[in-house]
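Below is one structure, written out as structure tokens; comments come after it.
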There are 2 protein chains.
Amino acid sequence: MAPQATSPDTDLDALVAFANELADASGKVILPYFRAGTLVDNKEDGRKFDPVTAADREAERVIRERIETVYPGHGIIGEELGSKPGERFTWILDPIDGTRSFITGLPLWGTLIGLLDGDTPVVGMMDQPYTQERFIGTAAASHLICKGTATRLTASDTVSLDQAKLAATHPDMFRPGDEADAFARLQSVARMTRFGGDCYLYAMLAAGQIDLVVEAGMNTYDIAGLVCVIEGAGGVITTWDGGPAHPGGRMVAAANQTLHQKALDVLNARC
Amino acid sequence: MAPQATSPDTDLDALVAFANELADASGKVILPYFRAGTLVDNKEDGRKFDPVTAADREAERVIRERIETVYPGHGIIGEELGSKPGERFTWILDPIDGTRSFITGLPLWGTLIGLLDGDTPVVGMMDQPYTQERFIGTAAASHLICKGTATRLTASDTVSLDQAKLAATHPDMFRPGDEADAFARLQSVARMTRFGGDCYLYAMLAAGQIDLVVEAGMNTYDIAGLVCVIEGAGGVITTWDGGPAHPGGRMVAAANQTLHQKALDVLNARC
């Protein structure tokens, strides 16, 4: 649910515009590191450093500084630089979600920016600066902004598991045993499975291209920025036990309520 | 080895320029189908049709017509529309390599155009029209052309398996038993494994971002267009038994000769 626009500080349009500013700033920081060497000598102290970590930290610093300047009362939870408590609103940040994509040159990583009003996600953003695609969602709607053109996103109307395109970032993300078995059950009934993609998979679910994304071991910063992108497109995302997604855990994102329930049933089936 | 430039018909620069024309034409045909619905009513006869197949066929038809007009003596091998024998040169075409990427909205599919002089690959191209990236290779060099800017490609100098980033399109491409076991052995010694990516993985190997691509079950049209892209960047590609890659089969692409030999040793180890 969107907060009421009662003051400039709680005006949702202003907060979305601000999220766009944050992504503009982080993209400028991150892009020069993409497809640079993956392990490079640090000229200052002779040690090796990891560009993906450098880009991640530098981008988070830039985003946090901007938030602290414009909205000093807001809380911040960042992957790299920790948490700062706030009053009503909290920003949840992952400047580079998809480290494996990033270090293999694949443009499927993204910058995740989520905003909670109390405990409710109200703005979500996934920004891919290399392809110049930005996915933005609120409770009202989700859009893809690509090179200045906005396209309304609508998740698919696939309701049958045997028609569903299922995706996950990597088979190894599921713990051997019940968790891996549950994913394997779903895989065996889905139309196809695609591995690899990180946050981009959830964006493609919002865009109607993927029907199910099922993952495990997610942190709040891996998912909070994606909740509104998915829900604003008509999709549904919860944990495997049906709880709210934004705190993290094991995720089921589906194109619609019907497919979501069918996926939950398969994941939670007791044989 | 590049053919000598003895006549306009065998001038390598002219053939590269012609391959660029072919990719320009195919990209225009394919792009409108990308992220369109994946199963759409055909208005003419009420049946469902599959946009990826439609795009694939239409693009191959456009490419073949252009080859037949300009180089009527050249042979053609295409994924969708079969083979036509020729005299000295043969074009090997896969308008959409990476069907799974295409139908899930991920911009990792590509148009593969390879040219053989006799049985020797002399031009290779992977074109990704959505990201506007074109990877072109000859025996002399490989380049990425992105929005008018050409960048010389150089594969990585990683020679240690435990530093190598390994990639493959999908775990299911390896037949259970010896083939899957061989890949698992390599996976267990590599720094990391990334699944998902099709032809884009080989392009990222040429770009120095991925160190090893190991796959199985490849057809000639899946790989012939990539051989010169890899070799022109200093990479090495053969089958698992060290034979030429362009006819297809099980592939080992490596960033350099040292790493290639180490990967072959692990794949072919008898326990």
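A note on names: the letters A, B, ... follow the listed sequences, proteins ahead of strands, and every chain is numbered from 1.
Using a 4.5 Å cut-off between non-hydrogen atoms, the part of residues 195-205 of chain A that approaches chain B consists of A:F195, A:G196, A:G197, A:D198, A:Y200, A:L201, A:M204.
Residues A:S160 and A:R191 have side chains that never bring a donor and an acceptor to within less than 3.5 angstrom of each other.
Of the listed residues A:A207, A:P107, A:S101, A:G105, the one with more heavy-atom pairs under 4.5 angstrom with chain B than any other is A:G105. With chain B as the partner, the residue from A:T169, A:T131, A:T193 showing the most heavy-atom pairs under 4.5 Å is A:T193.
Judged purely by atom type and a 3.5 angstrom limit, A:Q128 has no side-chain atom pairing as donor or acceptor with the backbone of A:R134. A donor-acceptor pair is defined here as one N or O able to donate and one able to accept, closer than 3.5 Å; no such pair exists between the side chain of B:R100 and the backbone of A:R194. Side-chain atoms of B:T138 never come within 3.5 Å of backbone atoms of B:G232 as a donor-acceptor pair (strictly under, hydrogens ignored). In this structure, B:E215 contributes its side chain and B:R250 its backbone to no donor-acceptor pair below 3.5 Å.
A tilted orientation is assigned to the rings of B:F34 and B:F102, their planes being inclined by 30° to 60°.
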For residues 144-157 of chain B, tabulate all N or O donor-acceptor pairs below 3.5 Å that involve a side-chain atom, not counting sequence neighbours.
residue, atom, partner, partner atom, Å
B:S156, OG, B:T158, N, 3.3
B:S156, OG, B:T158, OG1, 3.3
B:S156, OG, B:D211, OD1, 2.6

